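What follows is a single structure, written as structure tokens, with notes after it.
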Amino acid sequence: VGDLKQAQAVLQRSLELAEKLGVAAPSPETSLPGGERGGDGGTSGPGDQGTRGRGDQGTVSPSPSLPVSPSPPTPLPGRERGVNPKISEINLVLGNLARVQGDGATAQKYYQQAAATADGNALLKVQAGLNELSLLVATQQLDAAAAMLAPIEEQLNQLPIRRGRVYGRINFADSLALLGLSETEFVQNAAQQLAAAVTEAQSIGDVQGEAHALVNLGKLYEQKGQF
């Protein structure tokens, strides 16, 4: 806990200085949940970081039987360059740190700030939205979560068909499936997102992304029996 708080303090100070001076903040180096940097090029596929997780950068996926405070979604691969993506990235990491410490309100604030500072970087904006959505689902703020679905889906559909879009759909489907514990419509949407992820992964030759989406689709079918 002490290390987490120390890292949070350092990142917060970097963010404050960057905003005050109007310069790019240093990129967060931490590989804490949701915090791996990721560049513009390809990054490793799911499970290559030592722990198995959603997307492709190694945080643990929440189980439907654990609805409170799971780890946030992992960063999407292939970050796009924006005007100043570092501030947005730091806000994402600060949000993830707050979430790990059980401070959902602070985590949500940072995720919203990450989205607000991601102008010109559509992928980071989607990541921030996915993190906030996952948090809302985990803390049973279901009405607020449902209100985010249409905007996130629209943003995903506007991304270029690359690995970030594929894994974005996989992360999105995870939250939809958890919402689907009470609504069949959400389960059907989750299945559609995973099917689209499979097709898009095939179109760009992303074998790992295709496999990951297929595995999740199979698990969803096992849990629900039908779509």
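Quantities reported herein were computed from a predicted structural model and do not represent experimental measurements.
If you take CD on E132 and CD on Q141, they are separated by 9.0 Å, rounding to the nearest 0.5 Å. Atom CG of D143 and atom CE of M148 lie 14.0 Å apart (nearest 0.5 Å). The CG atom of L194 lies 9.0 Å from the NE2 atom of H212; values are rounded to the nearest 0.5 Å. Rounding to the nearest 0.5 Å gives a distance of 7.0 Å between CG of L130 and OG of S175. One distance of note links CG of L214 with CD of Q202; it measures 7.0 Å at 0.5 Å rounding. With rounding to the nearest 0.5 Å, the separation of CD in Q188 from CG in L220 is 10.5 Å.
What you find for A177 and A190 is that their closest heavy atoms are N-CB, 4.0 Å. The two residues V137 and A145 come nearest to each other via the heavy atoms CG2-CB, 3.9 Å. The two atoms that bring I161 and S203 nearest to each other are CG2-OG, 3.7 Å, heavy atoms only. Of all heavy-atom pairs between A115 and A128, the closest is N-CB, 3.6 Å. Taking each heavy atom of S88 and A114 in turn, the nearest pair found is OG-O, 2.8 Å.
Note on Y167 and V215: separate hydrophobic clusters, where clusters join Ile, Leu, Val, Met, Phe, Trp and Tyr whose side-chain heavy atoms are under 4.5 Å apart, directly or indirectly. L123 and I152 end up in the same hydrophobic cluster when Ile, Leu, Val, Met, Phe, Trp and Tyr side chains are linked at under 4.5 Å. I170 and V198 fall into different hydrophobic clusters, defined by Ile, Leu, Val, Met, Phe, Trp and Tyr side-chain heavy atoms under 4.5 Å apart, directly or through other members. L176 is connected to L136 through a chain of hydrophobic side-chain contacts under 4.5 Å among Ile, Leu, Val, Met, Phe, Trp and Tyr, so both are in one cluster.
A distance-only check finds no donor-acceptor pair linking the side chain of K125 to the backbone of A118 [under 3.5 Å]. Distance alone, capped at 3.5 Å, places no donor-acceptor pair between the D103 side chain and the R99 backbone. Proximity of a side-chain donor or acceptor of T184 to a complementary backbone N or O of G180 within less than 3.5 Å is not detected. Put simply, the side chain of R165 gets close to the backbone of L159: a donor and an acceptor are under 3.5 Å apart. Looking only at distances, no side-chain donor or acceptor of T106 sits under 3.5 Å from a matching main-chain atom of A98.
Put simply, the side chain of F172 reaches to within 4.5 Å of the side chain of L133, judged on heavy atoms. The closest side-chain heavy-atom distance from E153 to Q193 is below 4.5 Å. I204 has its side chain out of reach of E200: every pair of non-hydrogen atoms, C-beta onward, lies at least 4.5 Å apart. Side-chain contact between T199 and R169 is absent, with no heavy-atom pair separated by less than 4.5 Å. Inter-residue side-chain proximity for N131 and Q127 is flagged as met; some heavy-atom pair is nearer than 4.5 Å. A heavy-atom distance below 4.5 Å is found between the side chains of E154 and Q158. By the 4.5 Å heavy-atom criterion applied to side chains, S134 and N171 are not counted as neighbours. Under the 4.5 Å side-chain criterion, counting only non-hydrogen atoms from C-beta, F186 is in contact with L149.
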Verdict with reasoning, N96 to Y111, per side chain to side chain donor-acceptor pair (under 3.5 Å) = CA-CA 8 Å; N96 291 342; Y111 292 151; 2.5 Å; yes
